[in-house]
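Quick one: the structure is below, and I'll ask about it shortly.
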Amino acid sequence: MKKQRVLYAFGTLLLVGFAGFAVSSFKQTLTPYVSFAEARRIDRNLQVAGGLVAGSSQYRDAEESLLFTLHEPDSGDTLRVRYQGLKPANFEEAVSIVAIGRWDGGAGELAADKLLVKCPSKYQGVEEAEVKEYSAST
């Protein structure tokens with residue numbers, strides 16, 4: 001009987017340990033959305049979203065690096081981003097861009113590992129016309 005209690009206690013302790021490890025590992029892999037101001041203060045992976053400032057992008061073929069500036073609509077703040085990799089298709093027509101990376105205080109820019117580019121839908125005009133047609137017929 002005493003041996004069974006010890007085994008149950010050990011099993012429970014082991015499960016609690018694994019659960020704690022899982023939660024800790026999960027928290028470290030999260031990349032929260034933050035404002036531009038917060039991005040400059042946080043020293044971990046993060047996500048920022050904003051609109052591309054017209055004419056601010058420069059792609060260097062030899063280095064495969066893309067430099068551009070994002071504009072945060074809510075605050076009016078801007079943030080310089082450096083992305084190492086191929087320039088995404090339709091980058092210049094992007095409605096919004098999410099940059100995932102880490103703040104590089106020495107360079108004064110966000111060093112992005114990934115970019116998520118939201119382009120305008122090619123069906124957007126069709127959808128608006130269908131809504132107008134439907135409204136007119138009712």
Side-chain angles (χ1 to χ4, degrees):
M1 189 75 162
K2 190 173 187 180
K3 189 175 183 180
Q4 240 181 351
R5 285 185 182 172
V6 170
L7 286 175
Y8 282 133
F10 179 72
T12 302
L13 185 63
L14 196 60
L15 284 173
V16 168
F18 279 129
F21 175 73
V23 168
S24 172
S25 296
F26 181 71
K27 278 184 152 182
Q28 290 176 1
T29 61
L30 289 178
T31 51
Y33 275 99
V34 296
S35 68
F36 291 179
E38 288 175 290
R40 292 180 181 102
R41 292 189 307 260
I42 297 175
D43 185 32
R44 62 175 287 207
N45 275 352
L46 49 90
Q47 298 184 54
V48 293
L52 179 64
V53 173
S56 69
S57 66
Q58 303 168 342
Y59 185 71
R60 298 181 184 145
D61 288 322
E63 303 164 12
E64 287 188 352
S65 76
L66 176 63
L67 296 165
F68 60 95
T69 303
L70 287 179
H71 176 264
E72 191 172 41
D74 296 338
S75 68
D77 196 5
T78 59
L79 182 73
R80 191 75 175 153
V81 179
R82 176 178 26 93
Y83 172 68
Q84 205 65 33
L86 296 175
K87 184 177 182 178
N90 299 332
F91 180 78
E92 300 298 329
E93 292 83 33
V95 173
S96 68
I97 298 171
V98 176
I100 303 168
R102 197 177 207 108
W103 177 252
D104 182 357
E109 59 193 15
L110 182 77
D113 301 323
K114 296 179 188 174
L115 292 180
L116 305 174
V117 180
K118 182 180 178 185
C119 294
S121 173
K122 66 180 180 178
Y123 302 109
Q124 188 172 6
V126 174
E127 291 170 356
E128 290 172 1
E130 287 175 357
V131 169
K132 287 179 185 176
E133 274 182 32
Y134 178 75
S135 299
S137 66
T138 54

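Every value quoted in this text rests on a predicted model; they were computed, and no experiment measured them.
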Taking Gln84 for the side chain and Glu63 for the main chain, is one N or O donor matched with an acceptor at less than 3.5 Å?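 Side chain of Gln84 to backbone of Glu63: a pair is present.
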For Thr78, check side-chain hydrogen bond (donor to acceptor under 3.5 Å, both in side chains) against everything at least two apart and list the hits.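 Per chain and number, Thr78 pairs via side-chain hydrogen bond (donor to acceptor under 3.5 Å, both in side chains) with no residue.
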Can you list every pair that meets salt bridge (charged side-chain N to carboxylate O under 4.0 Å, His left out) and has a residue in residues 91-106, with sequence neighbours left out?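 As it turns out, the salt bridge (charged side-chain N to carboxylate O under 4.0 Å, His left out) pairs with a partner in residues 91-106, which skip direct neighbours, are Asp43-Arg102, Arg82-Asp104, Lys87-Glu92.
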For Leu70 versus Ala99, what's the shortest heavy-atom pair and its separation?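 The pair with the smallest heavy-atom distance is CD1-CB, 4.4 Å.
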Residues in side-chain hydrogen bond (donor to acceptor under 3.5 Å, both in side chains) with Arg40, at least two apart?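 side-chain hydrogen bond (donor to acceptor under 3.5 Å, both in side chains) check on Arg40 returns Asp77.
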Contacts of Arg80 meeting side-chain contact (heavy atoms from CB on, under 4.5 Å) (sequence neighbours excluded), chain-then-number -> Ser56, Gln58, Leu67, Thr69, Glu109
Any non-hydrogen side-chain atom of Glu64 less than 4.5 Å from a side-chain atom of Tyr59? yes
Who are the ring-ring contact (aromatic ring centres under 6.0 Å, His included) partners of Phe68, not counting sequence neighbours?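 So Phe68 forms a ring-ring contact (aromatic ring centres under 6.0 Å, His included) with Phe91.
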Ser35 meets the side-chain hydrogen bond (donor to acceptor under 3.5 Å, both in side chains) criterion, sequence neighbours left out, with Glu38
Would you indicate whether the side-chain heavy atoms of Val48 and Phe36 approach each other to under 4.5 Å? yes
Report yes or no: do Val117 and Leu86 belong to one cluster of Ile/Leu/Val/Met/Phe/Trp/Tyr joined by side chain heavy-atom distances under 4.5 Å? yes
Report yes if the side chains of Leu46 and Leu110 come closer than 4.5 Å at any heavy-atom pair, otherwise no.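 Contact flag for Leu46/Leu110 side chains = yes.
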Which heavy-atom pair separates Ala49 from Tyr33 by the least distance, and what is that distance?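 Shortest heavy-atom contact: CB-CE2, 4.1 Å.
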Closest heavy-atom pair, Ile42 versus Trp103, reported as atoms and distance to 0.1 Å, is O-CB, 4.1 Å
Is there side-chain contact between Leu115 and Leu66, with heavy atoms separated by less than 4.5 Å?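 Leu115 vs Leu66: side chains touch.
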